[in-house]
Protein chains: 2
Amino acid sequence: MSEAMEQLGRAPLFRNLGEDVLAEIAGFTHSRSLDRGEPLFQAGDPFRSFFVVNSGHIQLSRLASTGHEKVVEIIGPGETFAEAVLFMDGKKYPVDARALEATELLEIGAEGFNHLLDSRPGLTRNLLGALSKRLHQLVQDVAALTLEDATGRVVGYLLAQAEGAGGEVHLPAKKAAIASRLGIQPETFSRVLGRLREAGAIEVEGDRIRIRDSERLQEILKA
Amino acid sequence: MSEAMEQLGRAPLFRNLGEDVLAEIAGFTHSRSLDRGEPLFQAGDPFRSFFVVNSGHIQLSRLASTGHEKVVEIIGPGETFAEAVLFMDGKKYPVDARALEATELLEIGAEGFNHLLDSRPGLTRNLLGALSKRLHQLVQDVAALTLEDATGRVVGYLLAQAEGAGGEVHLPAKKAAIASRLGIQPETFSRVLGRLREAGAIEVEGDRIRIRDSERLQEILKA
DNA sequence: CGCAGCCTTGAAAGCTATCAATACTAGTGG
DNA sequence: CCACTAGTATTGATAGCTTTCAAGGCTGCG
């Protein structure tokens, strides 16, 4: 099994597929490396391929007319992105993508992949599942942005990240990027963390946050 | 061609499908009527079917722990909803759905539909397209919620609704519901409309809004 | 006519953004 | 090894927008 096939297999999107399918996909895939801060594509660029992150982190963001930037998503190892663009009318990327650090990824050619789809039901199943999951996540985000205030969103984010990570959160990006992802300013993010720390709910050490009192966080979320 | 088949065919989700496929789908479909305000399902209910709106409007909303309600989406004639739940892990509806007015819809059984999928590539194509479109829409919403202020969101909404409607917008629901959809309070919505009216950009008559000065609106959006 | 629901308008409070200045950190070069 | 610098994070003060609470107006229907 080639290296590309192994890397593909690690992504949920390609889970449970036969080796033959993986081999086919690997056929129109090649690996890419990005340096910290290096752009991958811009909003409006013609869509030709989508990606799997192998190591590092990619940030997806949108630029407002005012020059402000909003981080839509932060993609980590094993995750795919831009696969939804395959099925959209105007074949253009809708967001900007750039590496937050040195990042390795696989680029999967859209054309070849598209041809595979109709003959591989399992593949379309996985795709539908992936899109549905992202959809659900976005609905959650929209709800949080309107129903929760800054503190609530930060707490929600911390609890979600701590899930299955043993009460320790490793922020996947600079705090300013996380703040943008949460729809708040860096200053507000800092203040909220400060308040949570003073309340004894968390401990902060650089980009590591330890959840000290999970129950108190839940209470704050409900308040 | 049965009535159900015709109604199905009007939805973009079932566009470009052979009559044989439509007939099969119609086989596990039955129509339902809802009165104004009547609930269709609640968040957490087990998922058994998804829906096509035939006439009227359905509101999808989420309830926060504080009791506040956020309108996620307002679904009109020809549109489908809850189809994404088909592919999610925990087969439960993630939102509440209820009729905003007397509404006719088709209920499509999940099990039967699911069986059809693997043998009908065209159907999965349509599904992938529909999910991608919704995904893109949600990304837009998230961006608007964080990048635009209340005025910007209202203007964006009006321009989007007026698209192809000849500069006249017919609000599909009570203003309070629209406001929630836009992530603002009813009072704020009212005030923003008032300001736009005073600026001569729009005219408001109940639930009808005429765009009087589209350019000025675009400017406000960019300001 | 009167009531109920919805929308509008007003005033005050609260939260977050913004502006500004100060720490802090890591990486660089002397 | 230390000093320096650039980027990043924290902290403070203020302004602005939106929410909240409250009251008044409007409309349709019994």
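Chain naming here is simple, since letters A, B, ... match the order of the sequence lines and numbering starts at 1 in each.
- Rounded to an integer number of Å, the gap from B:Arg197 CZ to C:dT9 P is 6 Å.
- A:Glu101 has no carboxylate O lying under 4.0 Å from a charged side-chain N of A:Arg36, or vice versa, which leaves the two without a salt bridge.
- Residue B:Lys174 places at least one side-chain N or O under 4.0 Å from the OP1 or OP2 atom of C:dC6.
- Listed nucleotides D:dC21, C:dC7, C:dT18 differ in distance to A:His68; the shortest reach to its side chain belongs to C:dT18.
- Checking A:Val192 against B:Arg36, the closest nucleotide of DNA chain C that is more toward the 5' end is the one next to B:Arg36.
- Taking 4.0 angstrom as the limit, B:Thr188 places a side-chain polar atom (N or O) nearer than this to OP1 or OP2 of D:dT19.
- For B:Ile184, whose side chain is taken as the heavy atoms from C-beta onward, the closest listed nucleotide among C:dC7, C:dT9, D:dT19 is D:dT19.
- Summarising the geometry, the separation between CZ on A:Arg191 and C1' on D:dA13 is reported as 9 Å, rounded to the nearest angstrom.
- Per the geometry, CG belonging to A:Leu145 stands 11 Å off P belonging to C:dA17, to the nearest Å.
- Ion pairing of A:Arg98 with A:Glu69 is present here, as a side-chain N (NZ or NE/NH1/NH2) and a carboxylate O approach within less than 4.0 Å.
- Looking at B:Gln185, its side chain has no donor and acceptor atom pair within 3.5 Å of the base of D:dC21.
- One can place CG of B:Leu171 at 13 Å from C1' of C:dC6, the figure rounded to the nearest angstrom.
- Remark: C1' of D:dT10 and CG of A:Leu196 are 15 Å apart, rounded to the nearest angstrom.
- Using a 4.0 Å cut-off between charged nitrogen and carboxylate oxygen, B:Arg134 and B:Glu83 count as a salt-bridge pair.
- Rounded to whole Å, the distance from CG on A:Asp149 to P on C:dA13 is 20 Å.
- Atom pair B:Arg195:CZ and C:dG10:C1' shows a separation of 14 Å (rounding to whole Å applied).
- Under 4.0 Å is where a charged nitrogen must lie from a carboxylate oxygen, and between B:Asp207 and B:Lys174 no such pair does.
- Per the geometry, CG belonging to B:Leu193 stands 11 Å off C1' belonging to C:dT8, to the nearest Å.
- Using a distance-only test at 3.5 Å, with no hydrogens or angles considered, no donor-acceptor pair links the side chain of B:Glu6 to the main chain of B:Glu3.
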